[in-house]
Amino acid sequence: MDIVRTVAALRAAVSGWKAEGLRVALTPTMGALHAGHLSLVEIGLREADRVAATLFVNPTQFGAGEDLAAYPRDEAADAAMLAGAGCGLLYAPDAGEMYPPGFATQVRVTGLTDVLCGAARPGHFDGVAQVVTKYLNQAQADVAIFGEKDWQQLAVIRRLAADLDIPTRILGAPIVREADGLAMSSRNRYLSAAERAAAPALCAAIRRAATRIAAGATPAEACGEAARALTEAGFPPPDYVEARDAASLAAIDGFDPARPARVFAAARLGRARLIDNVEIA
Ligand code: PAF
């Protein structure tokens, strides 16, 4: 697996593949890789002939007081995992390559970013939209794959790709979970042993809420119960537990089998902020 650090080298590699008639998948990451990321590569290899991964801890998507400095960085370990999964190219730019002096362009997706993590982390999705727009333009891949754990991020990316006429197909990848249900996340490594033992309560609480809503409970009732279950499991009051339309992220007031909807939650546990979501079905 080659490692490149410039837009020019990324473009040269991708256009070389395309000149051979190969289809290219892009899997953007911030490193600290786990099996969820490797599933993106696996899906990329099903959807295309070659996979290019990105590795860049994007500073513009971290707010003041968030974990930018502490975010785990181990390029050698990440590169070995990607190569083992069949990734063909690693694009690992530095901040100067991504945001050179004079950089002044913002990308903001409105509406979808007002709720859930957008409300809890002001500016976060502006940074995500900015960096992902750049990756899509830089790589010009046929398909780009993003994990469904960050469902709202995926919705924002689908919106910006459609609105800005970016031809790369955007594909969601199912959440990969630990055996006890905890959604895999780079931030799980912040959890102490006791916090790790409590963490699966997040998934359990939203699964129960989704089942209750599908059986006729109101979202307010079921999500309120889930928030109480989290507190009982040792979490502080969660940032949110909410049932929303899967595409528009509008709040729902009940289950409609014709309109896909999900229960979303975010909660802090020690140094980690955990997010998760499940389908209501
Ligand atoms: O999901 C992530 O890891 C990041 O938000 C992304 C999409 C790589 C942009 O930095």
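Atoms within each ligand, like the ligands themselves, are counted from 1 in listed order.
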Cationic N near anionic O, under 4.0 Å, [X] to [Y]:
X: Asp180; Y: Arg196; answer: yes
X: Arg23; Y: Asp49; answer: yes
X: Arg169; Y: Glu47; answer: yes

Output block, N or O contacts of ligand 1, threshold 3.5 Å exclusive:
unit_1, atom_1, unit_2, atom_2, d
ligand 1, 1 (O), Gln153, NE2, 2.8
ligand 1, 5 (O), Gln61, NE2, 2.9
ligand 1, 5 (O), Gln153, OE1, 2.7
ligand 1, 10 (O), Gln61, OE1, 2.6

Residue pairs, two or more places apart or on separate chains, that pass side-chain hydrogen bond (donor to acceptor under 3.5 Å, both in side chains) and touch residues 106-119: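 Qualifying pairs, neighbours excluded: Arg108-Asp126.
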query: Who pairs with Ala32 by side-chain contact (heavy atoms from CB on, under 4.5 Å), at least two apart in sequence or on another chain?
result: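 side-chain contact (heavy atoms from CB on, under 4.5 Å) check on Ala32 returns Tyr71, Pro72, Ser186, Arg189.
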task: Please identify each residue that fulfils side-chain contact (heavy atoms from CB on, under 4.5 Å) with Thr29, with sequence neighbours left out.
output: Leu33, His37, Leu55
